[in-house]
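Owing to the predicted nature of the structure, the values given are computational and were not obtained by experimental measurement. One-based numbering, in listed order, for ligands and for the atoms of each.
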Amino acid sequence: MKRDLSYNRGTMTKVWQQPLPAIYRELSEAELRLRIESAKERLGKRLVILGHHYQQDAVIDFADFVGDSFELSRKAAEQRGIEYVVFCGVHFMAESADILTDPSVRVILPDLGAGCSMADMANLDQTLEAWEQLEAVCPDQLIVPITYMNSSAAIKAFVGEHGGAGCTSSNCRNVLEWGLKGGATERRSDGATKGKKVKILFFPDQHLGRNTAFAMGYPLERMVVWDPREEMGGNDPQRLAEADFVLWKGHCSVHALFRPEHVDEVRRKYPDMKVMVHPECKFEVVQKADLAGSTAYIVKQVEAAPPGTQWAIGTEVHLIHRLARQHPEQKIIVLSDCQCLCTTMYRIDLPHLCWVLENLVEGRVVNEIRVDEHTRKWATAALERMLAIKGTGNPIGKMQPVGNTVD
Ligand code: SF4
């Protein structure tokens, strides 16, 4: 069915990666390192390089800050007097950095092909259709959209404009609690929403949504999955109306590789080993694990563990190998031998980094990521609401359900 979905969608344009000049492919690693060092030195305090935990070590060596996507965007926003942020991560992260930094700061992604398969699973047209259909099926309910950081700026803006908030894997539970009370206060101030049942529409990672809602005490029967390629998201209208959580059918192609059998295998081989996984993993994997939490949580657990601790970790392989190297006093292995590497992150390499930096030295900004004004305004609203929500939360743990009607 074709609908007229009139909506201010901003003016963002997608730019494609131009071929890397051949010279950068011909340089040795040693030459690339020297040239990157030299460009960094010449750019001095005008430049900040951010490196996501999942980047390869060679790139991390040049990062001024290393962290997860949100930590890094905040770091960028805290810097004063900088002109350029080179974000060694993926597209949505560079967008978030552009949203959170001063408009004068220019954010650069070394390879524009570095996208995120999860973020690409929810686009604005699909979202507008889903919203219209949900509102038709649940006319007496208040639908609060919540989006994981791993989504496009356009989805964040839609969420901000419709009374919702962003979330990270660290604060997802706190944001969901806030959403279940009705979301943005300005939406509730006129009393029109009083007493209404609240329904969460969660983008784009069904697993983070399911794992967190379940840990909050909601049974799986209270959740439905929304498949954007199907009418009504592939749901029966009554079940849709009754659900507390509508989970967008998206997933991370890296974390989805871990399976419950991998946990069983580790338990069999290493009875003393603790299994720790990211909440983007499937429900069955999280249920079998000892601990589940965000990238920052996983790093903290390892840093705080005593020598001799044994871990099987279910997340991106570059981070696990780095943790293993940094903590030889512990035994750290990947939960499975599947190729659990983020191939899009992996597109950021020394040749691309060298190319963007040397262009900056010459006064040319290549691969800039710019978010238009409308999108920036509402995506900022979604992110600011998230920041205003109290508590960072231990992502996965037992809790009682909170009420979900508007006070
Ligand atoms: S690890 Fe998964 S969620 Fe993270 S950037 Fe890669 S595909 Fe996206």
State the atoms of ligand 1, each with its element, that fall below the 4.0 Å cut-off from a heavy-atom position in Y54.
-> 1 (S)
Go around atom 2 (Fe) of ligand 1 and count every protein N, O or S atom nearer than 2.8 Å.
-> 1
Would you say the side chains of S169 and Y297 form a donor-acceptor pair under 3.5 Å?
-> no
Are side-chain N/O atoms of S38 and E41 paired as donor and acceptor at under 3.5 Å?
-> no
Is it true that the side chains of Q330 and W311 contain a donor and an acceptor less than 3.5 Å apart?
-> yes
Would you confirm whether the ring centroid of Y346 sits within less than 6.0 angstrom of the ring centroid of H318?
-> yes
Polar contact flag, side-chain donor to acceptor under 3.5 angstrom, D372-T375 = yes
Residues which pass side chain to side chain contact (heavy atoms under 4.5 Å, CB included) with Q310, listed by chain and number, not counting sequence neighbours | Y270, D272, M273, K331
